[in-house]
J.: 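Handing you a structure now.
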Amino acid sequence: MSGDDADNFDVIIAGAGPAGGQCARDLAARDYDVLLLETEPEDEFPRQSNKSTAGTFPRMTGAFGVPDRLVEQFTDSVIVESPNDHYEQEQPGAVLDFVAFKQWLVEEARENGAEVRFDARVNTPITEGGRVVGVTYAGSEEAHADIVVDATGPSASLAKKLDVVNLHRANQAIGIDYKLEGLNLDHEEYADLTGSMMLRLDHDIAPGGYSWIFHTGGDTAKVGVCYIQNERHDEVARDDMRIDDYLDYWRETDPRFEGAQAMEGEHILRGSAHIQMPGSLSTDGFMAVGDTVPTIDPLWGEGIHQGMKSGRAAAVTADHCLTGTDRNVSADEMSIYDGLWSEQVAPKMSKRLLMTELLYLVDNDRYDRFVRTMRELPNDTLSSANTGSLRSIAKLLEPGDLSYLAQLARNRITDPYGRWNPLS
């Protein structure tokens, strides 16, 4: 490595979101010299550019020791709404204060010994002999490390320049989320959303995507819309409407929002993600984590959990590669992360992606039938399908879905980035 000793580290992590923050937290706790670089200024961190519904489940909060003080509302059920129906399933969960959650991860990383630098946008990777050895950031600043981790989210600032992760705009999700007060969460025309996380499938509100209401206590809730730039979006989207307009439209047409107002001082969170199979995840001295590597559960998303797991998998890989006097950060050794990602972060990814793409491609009438089907099946069918069980996914299908499946298959044949195999 080159550069001043003060700027030599074991691991550099670009991006202080859930994945980057967790990776820094884990590695610093193992006494590695860690530098965490964050684009935003510290007094504004995190800003509105970071979208998350902040909904999660006990398996995440328990596994990563998330304190109760970061939970805005513990929930008892999840609800799926279609344009004219709904399905409810008992399932404990938690809606996090996403701003406080990200700040907590940075505080934990610092307390464990990581160095954190804000106003430090990462520009380019530094390579020597084909291996990543550091980054430039904040213009012309340099820092060097044995391992560099890209946690910059959908922008994939480093991974793109290294040609590690191939991201394209097809199936890009665009979302907005903020907190409202004065909602009628138990309106007579709809399901009771008190103590619930609700996902609505309705192309009139979110063309090619979904919208949500997550109860955060009293008459408040996190409310958001996300559309996905898929074939259904191309067909039904209104040319003159952006993501903010769709959320405004929902508020204007749904009686639950009558009299509701945005809470003063709350962040408007907005951002994007890619819903597609990733390319490779690592190379010599480098790994990509979190939203830099697209993954999503078909219904609940739970990007926070996947991001945290990928950050931890990267920390385990770095620990393995840096242990002992002969540090080995070759692509072969770093590929341990790829295996952990496939086994622990996003198992059965291709099958889950199949359900995800199918779910947001079908029409509104199919959503009503989908909800009715869920009510007729055992409660674990939806959870099992969400984890990629082909048997459970098949139970949710009907003959008319074959045309959509054929369309998805054609897309994969013509997609230059396609690596998708629904049977793998």
J.: To the closest 0.5 Å, what do you measure between CZ (R312) and OG1 (T317)?
T.: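 If I round to the nearest 0.5 Å, the distance is 13.0 Å.
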J.: Looking at side-chain heavy atoms only, is the closest gap between L183 and T220 below 4.5 Å?
T.: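 Of all side-chain heavy-atom pairs linking T220 with L183, none is under 4.5 Å.
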J.: Take W212 and V225 through the side-chain contact (heavy atoms from CB on, under 4.5 Å) test and state the conclusion after the steps.
T.: CA-CA 7 Å; W212 60 90; V225 170; 5.5 Å; no
J.: Measuring from I304:CD1 to F98:CZ, what's the distance to the nearest 0.5 Å?
T.: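 Reported value, rounded in 0.5 Å steps: 5.0 Å.
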J.: Salt bridge (charged side-chain N to carboxylate O under 4.0 Å, His left out) for E398 and R369? Distances and angles first, verdict last.
T.: CA-CA 9 Å; E398 61 183 29; R369 298 196 302 275; 2.5 Å; yes
J.: Got a donor-acceptor contact below 3.5 angstrom from the D368 side chain to the N84 backbone?
T.: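 At least one qualifying donor-acceptor pair exists.
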J.: CG/L281 to OG/S335 distance, rounded to the nearest 0.5 angstrom?
T.: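 So the gap between those two atoms works out to 10.0 Å.
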J.: Given salt bridge (charged side-chain N to carboxylate O under 4.0 Å, His left out), test R256 with D254 step by step and report yes or no.
T.: CA-CA 5 Å; R256 291 174 290 191; D254 190 318; 2.8 Å; yes
J.: Quick check: closest heavy atoms across R327 and L322, and the distance to 0.1 Å?
T.: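 Distance-wise, the nearest heavy atoms are NE-O, 3.5 Å.
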J.: I'd like to know if the side chain of S389 and the backbone of S392 have a donor-acceptor N/O pair within less than 3.5 Å.
T.: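 Here the side-chain-to-backbone pair exists.
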J.: Hydrogens and angles aside, do N364 and D204 bring a side-chain donor and acceptor to less than 3.5 Å of each other?
T.: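 No - no donor-acceptor pair under 3.5 Å links their side chains.
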J.: Donor-acceptor pair, distance only, cut-off 3.5 Å: does the side chain of T152 make one with the backbone of S157?
T.: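 Yes, the answer is positive, given that a donor and an acceptor are paired below the 3.5 Å cut-off.
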J.: Has D239 got more than 12 heavy atoms of other residues, nucleotides or ligands less than 6.0 Å from its CG?
T.: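 Incorrect, the count does not exceed 12.
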J.: Side-chain contact test, heavy atoms from C-beta onward, threshold under 4.5 Å: evaluate it for L358 versus L397 and give yes or no.
T.: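 The answer is yes, as the side chains (C-beta and beyond) meet within the 4.5 Å cut-off.
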J.: For H203, which residues count as a ring-ring contact (aromatic ring centres under 6.0 Å, His included) partner, sequence neighbours excluded?
T.: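 In terms of ring-ring contact (aromatic ring centres under 6.0 Å, His included), with neighbours along the sequence ignored, H203 is linked to Y367.
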J.: What distance do L36 atom CG and L105 atom CG have between them, rounded to the nearest 0.5 Å?
T.: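 These two atoms lie 9.5 Å from each other.
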J.: Check whether any side-chain N or O of T381 sits under 3.5 Å from a backbone N or O of P378 as a donor-acceptor pair, and report yes or no.
T.: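 Looks like yes, one N/O pair under 3.5 Å.
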J.: So, taking the atom named CD in E38 and the one named NZ in K102, what distance separates them when rounded to the nearest 0.5 Å?
T.: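 It is 6.0 Å, given to the nearest 0.5 Å.
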J.: Quick one: closest heavy-atom pair of P46 and E40, and the distance?
T.: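 Closest approach of P46 to E40: CA-OE1, 3.2 Å.
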J.: For the residue pair L201 and S82, establish whether any side-chain heavy-atom pair is separated by less than 4.5 Å.
T.: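 Result no, sub-4.5 Å side-chain heavy-atom pair not found.
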J.: The criterion is ring-ring contact (aromatic ring centres under 6.0 Å, His included); which residues satisfy it with H305, sequence neighbours excluded?
T.: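 Counting only residues at least two positions away or on another chain, H305 forms no ring-ring contact (aromatic ring centres under 6.0 Å, His included).
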J.: So does R25 get a backbone contact from the side chain of N112, meaning a donor-acceptor N/O pair under 3.5 Å?
T.: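 Between the backbone of R25 and the side chain of N112 there is a qualifying donor-acceptor contact (under 3.5 Å).
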J.: Please enumerate all residues that pass ring-ring contact (aromatic ring centres under 6.0 Å, His included) together with F118, with sequence neighbours excluded.
T.: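 Testing F118 for ring-ring contact (aromatic ring centres under 6.0 Å, His included), a comparison that skips the adjacent residues, returns F45.
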J.: After noting the C-alpha distance and the side-chain angles of F370 and L396, does the key distance pass the side-chain contact (heavy atoms from CB on, under 4.5 Å) rule?
T.: CA-CA 7 Å; F370 175 65; L396 296 170; 4.0 Å; yes
J.: With a 4.0 Å cut-off, would you call E115 and R117 a salt bridge?
T.: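 Yes, charged N to carboxylate O under 4.0 Å.
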J.: Can a donor-acceptor pair be found, under 3.5 Å and without considering hydrogens, that links the side chain of D10 to the backbone of D33?
T.: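 Such a contact is found between D10 side chain and D33 backbone.
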J.: Starting from the C-alpha separation in whole Å, work towards a yes-or-no answer on side-chain contact (heavy atoms from CB on, under 4.5 Å) for W104 and V66.
T.: CA-CA 9 Å; W104 169 74; V66 178; 4.2 Å; yes
J.: Are D401 and R366 close enough for a salt bridge, meaning some N to O gap below 4.0 Å?
T.: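 Salt bridge between D401 and R366, a charged N being under 4.0 Å from a carboxylate O: yes.
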J.: Show the nearest heavy-atom pair for residues A156 and D150, with the distance to one decimal.
T.: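 Taking A156 first and D150 second, the nearest heavy atoms are C-OD2, 3.5 Å.
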J.: Mind listing the closest non-hydrogen atom pair of Y246 and A237 along with its distance?
T.: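 In this case the closest contact between Y246 and A237 is OH-CA, 3.5 Å.
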J.: Side chains of Q22 and D26: do they bring a donor and an acceptor to under 3.5 Å?
T.: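 Yes, side-chain donor-acceptor contact under 3.5 Å.
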J.: As a quick check of understanding, evaluate side-chain contact (heavy atoms from CB on, under 4.5 Å) for Y337 and S310, giving each step before the final call.
T.: CA-CA 9 Å; Y337 170 66; S310 68; 3.7 Å; yes
J.: Which residues pass the ring-ring contact (aromatic ring centres under 6.0 Å, His included) test with F257, not counting sequence neighbours?
T.: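 F257 satisfies ring-ring contact (aromatic ring centres under 6.0 Å, His included) with W250 once adjacent residues are dropped.
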J.: Under a 4.5 Å cut-off applied to non-hydrogen side-chain atoms, are F57 and V78 in contact?
T.: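 Yes, their side chains come closer than 4.5 Å.
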J.: Examine R238 relative to Y249 and say whether NZ or CZ is less than 6.0 Å from the centre of the six-membered ring and inside a 45° cone about the ring axis.
T.: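 Yes, R238 lies over the aromatic ring of Y249.
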J.: Decide whether S330 and D284 meet the rule of one side-chain donor and one side-chain acceptor closer than 3.5 Å.
T.: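 The criterion, which ignores hydrogens and geometry beyond distance, is not satisfied for D284 and S330.
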J.: If the condition is salt bridge (Lys or Arg N to Asp or Glu O under 4.0 Å), which residues does R372 pass it with, not counting sequence neighbours?
T.: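 Partners of R372 under the salt bridge (Lys or Arg N to Asp or Glu O under 4.0 Å) test: none.
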J.: For the residue pair Y210 and I228, what are the closest heavy atoms and their distance?
T.: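 Minimum heavy-atom contact is CE2-CD1, 4.4 Å.
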J.: Could you tell me whether the side chain of R375 and the main chain of H86 form a donor-acceptor pair under 3.5 Å?
T.: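 Present.
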J.: List the steps and the verdict of salt bridge (charged side-chain N to carboxylate O under 4.0 Å, His left out) for E42 and R110.
T.: CA-CA 13 Å; E42 186 167 10; R110 271 179 166 161; 2.7 Å; yes
J.: Which value, rounded to the nearest 0.5 Å, describes the distance between E181 atom CD and Q261 atom CD?
T.: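 Answer for the CD-CD pair, E181 versus Q261, is 8.0 Å.
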J.: Contact between K222 and I213 at the side-chain level, heavy atoms closer than 4.5 Å - yes or no?
T.: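 No; the side chains remain at least 4.5 Å from each other.
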J.: With a 4.5 Å cut-off on side-chain heavy atoms, are D363 and R232 touching?
T.: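 Heavy-atom side-chain distance check passes, below 4.5 Å.
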J.: Going by an N to O cut-off under 4.0 Å, is there a salt bridge joining D202 and R200?
T.: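 Salt bridge flag = yes for R200 with D202.
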J.: Do you know which two heavy atoms are closest between A151 and I13, and how far apart they sit?
T.: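 Residues A151 and I13, closest heavy atoms: CB-CG2, 4.4 Å.
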J.: Would you call L340 and V345 a side-chain contact if the rule is heavy atoms closer than 4.5 Å?
T.: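 L340 vs V345: side chains apart.
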J.: Looking only at side-chain N and O atoms, does Y87 offer a donor or acceptor that is under 3.5 Å from a partner on Q89?
T.: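 Yes, because at least one side-chain N or O of Q89 sits under 3.5 Å from a partner of the opposite role on Y87.
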J.: For L377, does its backbone N or O pair with a side-chain atom of K395 as donor and acceptor, under 3.5 Å?
T.: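 No; judged by distance alone, with no hydrogens or angles, the pair does not exist.
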J.: Does the side chain of Y137 come within less than 4.5 Å of I12's, by heavy atoms?
T.: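 Answer no - side chains too far apart.
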J.: With a cut-off of 3.5 Å and sequence neighbours excluded, list every side-chain donor-acceptor pair involving residues 185-198.
T.:
{"unit_1": "H187", "atom_1": "ND1", "unit_2": "E189", "atom_2": "N", "d": "3.1"}
{"unit_1": "D192", "atom_1": "OD1", "unit_2": "T194", "atom_2": "N", "d": "3.0"}
{"unit_1": "D192", "atom_1": "OD1", "unit_2": "T194", "atom_2": "OG1", "d": "2.8"}
{"unit_1": "S196", "atom_1": "OG", "unit_2": "S77", "atom_2": "OG", "d": "2.6"}

